[in-house]
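I have placed the structure first, in the form of structure tokens, so that the comments after it can refer back to it.
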Amino acid sequence: MKRIITTIAAASLAASLGAGAAVAAPTTQDTATGSPAAGASDMAGVKAILRDAHIQGMKAALKLTPDQEKDWAPFEAALHDSFQQRKQMMGSTRQAIAKDDPVQLLDKLSDDASQGAAQMKKVAEAAKPLYDSLNPSQKRAFGPLLLSLRPNPMGGAKQAQHMRQLLMQRWAGSEGNSAD
């Protein structure tokens, strides 16, 4: 178990260092625009680089055989599709929040949950052949490595709570203003 944790930590560190070097390299676009919008776009790029590095760190930690490598590609593609869908859902949810309609937001969140569940099922289906091909040591490492790919689960819960508080204040404030 100690060896698995050490392997996971080493792979994550190696992936982070590689991604850090790529992130630290300035681009001509950064200096050419200098606009705040470019900064937001750069942050999305940084997140994508870190996510890709994390996925590659998982692959390195598993020490796949050539036969197992064949099953890695569909799994990795499913992960990337899942991350892309999540990014799109977050953008459309922000738009629903901006409309200030709680019923429409509830409907949007319900749709997102259904789509997220379907996407998770696709990742699970893509992971099955890979997982089945792993040896017992690789299988023990697979679960923690897979869970570590989740986007900041603890931060996500705190962000969700913060968002609920903001929405409650906004909606309570808009009702108070309309009653005056």
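Quick note: residue numbers are just sequence positions, from 1.
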Given the rule in the side-chain contact (heavy atoms from CB on, under 4.5 Å) test, do Gln84 and His80 qualify, once you have shown the distances and angles that lead to the verdict? CA-CA 6 Å; Gln84 185 62 33; His80 284 288; over 6 Å; no

Carefully, step by step, assess Arg86 and Met90 under the rule side-chain contact (heavy atoms from CB on, under 4.5 Å). CA-CA 6 Å; Arg86 184 174 186 275; Met90 289 175 63; 3.3 Å; yes

So Leu105 and Leu109, side-chain contact (heavy atoms from CB on, under 4.5 Å) or not? Walk me through it. CA-CA 6 Å; Leu105 178 59; Leu109 293 174; 4.1 Å; yes

So which pairs with a foot in residues 93-138 pass ring pair (Phe, Tyr, Trp, His ring centres under 6.0 Å), sequence neighbours left out? Tyr131-Phe142

Of all the heavy-atom pairs spanning Leu64 and Lys59, show the shortest one and how long it is. CD1-CG, 3.9 Å

Any side-chain heavy-atom pair from Phe83 and Asp52 closer than 4.5 angstrom? no

Quick one: pull up CD in Gln88 and CD in Gln115 and give me the separation to the nearest 0.5 Å. 9.5 Å

Is a side-chain donor-acceptor pair under 3.5 Å present for Ser82 with Lys122? no

Measuring from atom NE2 of His54 to atom NZ of Lys47, what distance do you get when rounded to the nearest 0.5 angstrom? 15.5 Å

Please check: side-chain N/O of Gln104 versus main-chain N/O of Ala96, any donor-acceptor pairing under 3.5 Å? no

Restricting to non-hydrogen atoms, name the atom on Gln68 and the atom on Gln138 that form the minimum distance, rounded to 0.1 Å. NE2-OE1, 2.9 Å

Quick one: do Met58 and Leu134 end up in the same hydrophobic cluster if we chain Ile, Leu, Val, Met, Phe, Trp and Tyr together by side-chain heavy atoms under 4.5 Å apart? yes

Is there a side-chain contact (heavy atoms from CB on, under 4.5 Å) between Ile55 and Trp72 once you walk through the steps? CA-CA 11 Å; Ile55 291 170; Trp72 176 263; 3.7 Å; yes

Grab the two heavy atoms, one from Ala141 and one from Leu62, that are nearest each other, plus how far apart they are. CB-CD2, 4.3 Å

What's the shortest heavy-atom distance between Val123 and Ala78, and which atoms? CG2-O, 3.6 Å

Rounded to the nearest 0.5 Å, the CD atom of Gln119 sits from the CE atom of Met89 at a distance of 8.0 Å

Rounded to the nearest 0.5 Å, what separates atom CG in Asp71 from atom OG1 in Thr65? 9.0 Å

Nearest atoms (heavy-atom pairs only) where Asn135 meets Ser137: OD1-N, 3.0 Å

Mark yes when over 12 heavy atoms from residues, nucleotides or ligands other than Lys128 sit less than 6.0 Å from its NZ; otherwise mark no. no

